[in-house]
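One structure below.
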Amino acid sequence: MIDQQTSLRGGAARLPVRPRTGRFLVLAAVFVCAACGLVYELELVALASYLIGDSVTQASVVLSVMVFAMGIGSLLAKRLRCRAAVGFGMVEAALALIGGSSALVLYASFAWLGDSQYALVGFSLAIGVLIGAEIPLLMTLIQRVDRQDAGGAVADLFAADYVGALVGGLAFPFLLLPLLGQLTGALFTGAVNAAAGGALVLWVFRRDLTPRSRWLLVLANGSVIAVLATATVLVDDFERAARRAVYGDRVRVAVRTGVQEIVLTGADRDSLGLYLDGRLRVSARDEYRYHEALVHPAMNGPRARVLILGGGDGLAAREMLRYADVRSVTVVELDPAVTRLARTDPALSGLNGHAYRDPRVSVVEADAFTWLRADRGRYDVVVSDLPDPGITASTKLYSAEFYGLVAEALAPGGRLVVHAGPLGARPQTFWTVEASMRAVGLGTRPYRVTGRYTGLAASPDRGGGEDREREDWGFLLAGPGAAPRLAPAAGGPVPRSLGDRELREGARAADEARLPGLIPSTLVHPRYREDV
């Protein structure tokens with residue numbers, strides 16, 4: 001609380017604006033700085049979720065550390081109250097530089113060091129301390145221009161602060177991300193932050209500054225804006241260099257959609273790599289092993305109508321279309337950019353056998369959960385080819401409620417197959433998926449197949465690891481009531497890598513790794529966690 005007996009004007013020089021104008025300008029600066037502060041916060045959460053995964057954990061880390069740091073910043077700001085104008089100016093310059101560059105540094109640490117967790121915590125602390133220092137200094141400044149009781153000043157400041165936070169929170173997803181992207185959006189926000197803080201102090205409170213302080217603020221804010229502007233000019237080159245560090249030298253396509261980042265590497269279908277949000281989803285080297293194990297056991301029985309949830313790359317559809325008695329294949333894919341690339345990219349369309357040219361294939365661009373709630377169709381085979389349950393955005397697609405919707409969509413004698421992540425690396429996740437399926441009356445048949453060797457980029461659901469000799473893929477074949485028989489499909493094509501022996505060994509290996517007694521995951525109590 002501001003000490004009412006403390007003289008805030010004393011012998012201070014008269015301000016160059018009227019009190020009412022000065023009060024308006026201080027509140028306008030509070031509004032802008034609050035908007036910028038929330039953008040930094042959301043930027044850290046969004047980028048950490050993309051780079052590290054598990055958005056619930058990353059949001060919790062950022063928010064808790066930042067709120068704690070704001071308390072520390074408020075305490076430290078007490079020492080600056082006697083020089084509130086220059087203190088606020090320097091705090092805003094530091095906040096603009098650190099907040100504006102945070103996304104760039106986080107991405108650089110991920111690309112070249114392979115870990116951005118420590119940088120995330122460091123930026124959350126630094127930004128939180130600086131945001132926390134703003135309000136005590138602004139309280140002093142607003143009473144400097146227009147003496148009022150402390151309660152009225154607090155109400156005005158927090159009203160401007162909350163409205164600014166609302167604008168910043170809405171501007172981030174609806175304006176900054178679509179128009180500027182994560183990196184440029186953060187740099188632009190930092191420049192606005194520096195300009196607003198510097199302008200307030202150098203205009204309204206310039207007579208409170210010594211000549212040395214005035215030039216120091218001009219130099220600090222000008223340098224910060226120059227650094228951020230230079231980084232903005234070079235950001236495209238930086239992104240290309242960072243992508244080469246993450247994906248290698250053969251990046252052909254890099255697209256940021258409203259859902260995810262899509263990267264294609266490799267010169268042709270034999271060297272293709274498909275990455276979604278930095279995670280390797282498809283490697284031409286061994287994708288056939290994954291898709292044959294995913295599709296063919298589920299095709300052992302009636303298979304006229306097939307539903308693929310996810311699988312926009314067209315590779316699961318390719319395997320389905322090898323069966324002459326399949327009459328329709330419906331692909332439900334959230335991101336239309338994935339199916340567009342699967343149709344038009346020469347390497348990816350070649351790898352999927354130009355599946356989308358087949359008249360039996362139809363594509364629905366929708367969230368699988370929402371679409372299943374509205375769909376009234378019945379399918380002989382449902383293939384769940386979705387991101388790993390350890391990725392927070394996907395947990396609802398591995399919930400008991402979701403499998404209840406799938407069970408309703410199965411025709412009599414129908415089968416469901418689910419990719420449930422690597423059984424060897426994350427057995428608890430795998431068996432939680434099985435428990436969630438059993439909770440809605442589905443009988444399950446678990447099995448696993450071996451995947452790629454080390455040396456390829458790590459992925460939380462499909463791949464690789466420098467510390468493991470060979471990764472595996474875990475699957476669950478299920479049907480209403482009793483579990484379906486696990487065998488290659490009768491009357492179908494002969495897979496390259498999958499036969500009776502491989503399925504028997506895969507089922508035996510899965511049973512030996514069983515974890516009993518796990519609780520199903522639900523919408524209100526998700527039990528998956530990304531722990532790669």
Side-chain angles (χ1 to χ4, degrees), residues 49 52-61 63-64 279 293-294 297-298 309-310 334 367-373 382-410 414-449 459-462 465 471-484 486 506-532:
S49 301
I52 304 171
D54 192 358
S55 59
V56 171
T57 299
Q58 305 316 319
S60 300
V61 168
L63 296 178
S64 58
R279 296 169 173 91
L294 175 72
L309 304 174
L334 177 62
D367 173 77
F369 195 105
T370 304
W371 184 82
L372 277 172
R373 293 183 67 180
V382 178
V383 174
S384 180
D385 186 17
L386 297 163
D388 185 76
I391 302 171
T392 308
S394 301
T395 55
K396 73 174 183 179
L397 303 179
Y398 289 85
S399 65
E401 292 88 343
F402 179 74
Y403 293 125
L405 293 174
V406 175
E408 291 179 2
L410 289 174
R415 286 86 59 211
L416 162 69
V417 63
V418 175
H419 164 241
L423 176 56
R426 290 195 300 285
Q428 183 158 340
T429 294
F430 181 90
W431 294 112
T432 299
V433 175
E434 194 219 25
S436 303
M437 297 171 71
R438 286 184 173 275
V440 298
L442 293 170
T444 60
R445 190 79 67 185
Y447 62 104
R448 63 189 289 187
V449 297
S459 165
D461 55 342
R462 294 200 194 168
E471 187 58 275
D472 73 271
W473 293 305
F475 302 94
L476 290 159
L477 179 64
L486 184 64
R508 183 173 62 252
D511 285 335
E512 290 173 354
R514 179 177 290 276
L515 296 179
L518 293 180
I519 300 174
S521 181
T522 65
L523 291 178
V524 296
H525 197 159
R527 298 182 183 277
Y528 302 112
R529 182 179 180 275
E530 185 178 8
D531 53 0
V532 292

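Just so it is clear, the structure is predicted and the values come from calculations on it, not from any experiment. Note that the numbering runs from 1 along the sequence shown for the chain.
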#### Entry: Qualifying residues under salt bridge (charged side-chain N to carboxylate O under 4.0 Å, His left out), relative to Arg438, sequence neighbours excluded
Glu434
### Query
Can you name the side-chain contact (heavy atoms from CB on, under 4.5 Å) partners of Leu63, sequence neighbours left out?
Glu41
#### Entry: Whether Tyr447 side chain and Ala293 backbone form a donor-acceptor pair below 3.5 Å
yes
### Task
Would you please name every residue forming a side-chain hydrogen bond (donor to acceptor under 3.5 Å, both in side chains) with Ser64, sequence neighbours left out?
none
### Query
Which heavy atom in Gly479 sits nearest to a heavy atom in Pro484, and how many Å separate them?
N-CD, 3.5 Å
### Query
Say you draw a straight line from CH2 of Trp473 to CG of Leu294; how long is it, rounded to the nearest 0.5 Å?
10.5 Å
### Donor-acceptor pair, side chain of Trp431 and main chain of Ala513, under 3.5 angstrom
yes
### Message
Apply side chain to side chain contact (heavy atoms under 4.5 Å, CB included) to residues Leu442 and Val406 and explain how you reach the verdict.
### Response
CA-CA 10 Å; Leu442 293 170; Val406 175; 5.8 Å; no
### Message
Check this for me, if you would: do Asp511 and Arg514 make a salt bridge, where the nitrogen-to-carboxylate-oxygen distance has to be below 4.0 angstrom?
### Response
yes
### Query
If you round to the nearest 0.5 Å, how far is NE2 of His419 from CG of Leu309?
14.5 Å
### Task
State, to 0.1 Å, how close Leu397 and Leu386 come at their nearest heavy-atom pair, and which atoms those are.
CB-CD1, 3.8 Å
### Query
Can you check whether Tyr528's main-chain N or O pairs, donor with acceptor, with Tyr398's side chain at less than 3.5 Å?
no
### Task
Taking Arg448 for its side chain and Ala510 for its backbone only, find out whether a donor-acceptor pair lies under 3.5 Å.
no
### Message
Testing the basics here: between Lys396 and Phe402, what is the closest heavy-atom pair and its distance to 0.1 Å?
### Response
O-CB, 3.2 Å
### Message
Test your reading of the model: is there a side-chain donor-acceptor pair from Thr444 to the backbone of Leu476, 3.5 Å cut-off?
### Response
no
### Separation of Arg527 CZ from Thr522 OG1 (nearest 0.5 Å)
6.5 Å
### Query
Where do Ile519 and His525 land on the side chain to side chain contact (heavy atoms under 4.5 Å, CB included) test, with the steps shown first?
CA-CA 10 Å; Ile519 300 174; His525 197 159; over 6 Å; no
#### Entry: Polar side-chain atom of Arg445 near backbone of Leu477 as donor-acceptor pair, under 3.5 Å
no
### Query
Any donor-acceptor pair under 3.5 Å linking the side chain of Ser384 with the backbone of Val418?
no
### Query
Which heavy-atom pair separates Ala420 from Phe430 by the least distance, and what is that distance?
CB-CD1, 3.6 Å
### Query
Between Leu410 and Gly414, which heavy-atom pair has the shortest distance, and what is it?
CD2-C, 4.1 Å
### Query
Which pair of heavy atoms, one from Ser436 and one from Ser399, lies closest together, and at what distance?
CB-C, 4.4 Å
